[in-house]
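Presented below is the structure to which this report refers.
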Number of protein chains: 2
Amino acid sequence: MKTVSENRSFEGTQGVYSHASDACGCDMTFGLYMPRLAETMPVPVVWYLSGLTCTHENAIVKAGAQAFAAEYGVAVVFPDTSPRGEGVADDESYDLGQGAGFYVDATQDPWAPHFKMWSYVTEELPALLAKNFAIDMDRQGITGHSMGGHGALTIGMSMPDRFASISAFAPITNPTASDWGRKQLGAYLGDDESTWQRHDATLLMREHGFDGPVLIDQGGADQFLDLLKPEALAEAMAAKRQNGAFRMQPGYDHSYFFVSTFMGEHMAFHADALGA
Amino acid sequence: MKTVSENRSFEGTQGVYSHASDACGCDMTFGLYMPRLAETMPVPVVWYLSGLTCTHENAIVKAGAQAFAAEYGVAVVFPDTSPRGEGVADDESYDLGQGAGFYVDATQDPWAPHFKMWSYVTEELPALLAKNFAIDMDRQGITGHSMGGHGALTIGMSMPDRFASISAFAPITNPTASDWGRKQLGAYLGDDESTWQRHDATLLMREHGFDGPVLIDQGGADQFLDLLKPEALAEAMAAKRQNGAFRMQPGYDHSYFFVSTFMGEHMAFHADALGA
């Protein structure tokens, strides 16, 4: 693991690190905010998964999570959204390939050799964090924005023993029924739609729900409402009697101006669930 | 005046606007955060002047001011750092020309026709704001980062009737004695160094001081300490018995991770001075 940069931020450290990833077969870069409290004791961690076109960097710079991570004494990890590099397959569109990993393990060519973001986020990166940082891996929460909200919900609901809390900002909620989903799941997983189901938050919510609390914020003026399909998840949460809240926030769009506005409440939500 | 974008942010509006500038003889773009309170009554305004290479956008995205502007009910205006465009002179170095206006009115060619950032920030843009937005122009504070800290201090101290409070993040404090200053003041104002003096915060502090409070934060691990010369301003503030605080913050560098860490305290400082 190599240190790309470390900046003091709210008495803690905003780091960026790179490492050779076995899961993705390329170098991967991630961000990690460690609060000052971690100098004294291992701290809980919140995963922040980013959306289409983002890298590890967008949320570090724009989301304003550090102030609250420092206040509550939690780490925040910011993975990249896909494998990258010259030998890694890509597509000319913004919503497939590099920058658009969709948090699945691809089984189809040309994506299968590198696009293993599910394994990367659920296995390899957690092991790397546990080995190198003062993080209490028994206390984890997960959140994300847009495609990353999809990742947070699907990973979180699939691993209820690992995550105490799930939240999302404007998540892609029902990818098996959306152009943000059908294209990518088809490309990465193939035509057998039965393999898509465990990557659809609405279907997982209907079937399993989540033992812990779930918090969803959605901007009412989001330019991508037709693709995000918030009504699908809202219905599923209510039908499942899911512990949690689905909040429509009038006037807010899909940008980080929306994410940053509600970041404090999301961090407080996770901190409460994690006993931070 | 044209609306470039408006995003809901912390219940208010983060806007970006452009207009034909008489002072600069080109189109200029600025950011303006208006808190929700401005729907009800005119609000005070804090000026945020950015540093070398920045546009109106950097601080909007990275500084985290909106949360506190909303909390205290103040507007924040984010001017660009220079005139821009094809007909505007430029230099191949990052610290002269476009992106490096230094908040002076250039008298020397090739800069004189467009580089009038002093007039733009002190005359033209205030008039535009007063005409178009619910801002109480009798209650203004000013802050900035690096070159923008220089601008905030020099403009603020030169206009004590306008500004109730001045703050700065890692300001260029003594440009007449620094390579961040001598090069630019020479280029923009010419060889007669007597014309430089009113653009040097340390000299202004020694001579005039400021009637209101002054707050300075400087990162102790700033990579540009030799150019910023914080000791010059600290000495001048103490010698002048200036109401205020000069704070050295150990471990912080020159980045927006530093600025965002202390933005809340700066906004609280201005809000208090402005009765917000």
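Chain letters run A, B, ... following the sequence lines, proteins first and then strands; every chain starts at 1.
Using a 4.5 Å cut-off between heavy atoms, A:S255 touches chain B through its side chain atoms alone.
Between A:K62 atom NZ and B:Y256 atom OH the span is 14.5 Å, to the nearest 0.5 Å. One distance of note links OG of A:S260 with CD of B:Q14; it measures 9.5 Å at 0.5 Å rounding.
In terms of heavy atoms, A:F257 sits closest to B:Q66 at CE2-NE2, 3.9 Å.
For the pair B:R8 (side chain) and A:P250 (backbone), a donor-acceptor distance under 3.5 Å is present.
A:F258 is not listed as a side-chain neighbour of B:S9, based on a closest heavy-atom distance of 4.5 Å or more.
Atom CG of B:N132 sits in a crowded spot, with more than 12 heavy atoms from other residues, nucleotides or ligands closer than 6.0 Å. Counting non-hydrogen atoms of other residues, nucleotides and ligands closer than 6.0 Å to CD of B:Q223 gives a total above 12. Summarising the local packing, CZ of B:R247 is surrounded by more than 12 heavy atoms from other residues, nucleotides or ligands at distances under 6.0 Å.
By number of non-hydrogen pairs under 4.5 angstrom with chain A, the leading residue of B:I60, B:D253, B:N7 is B:N7.
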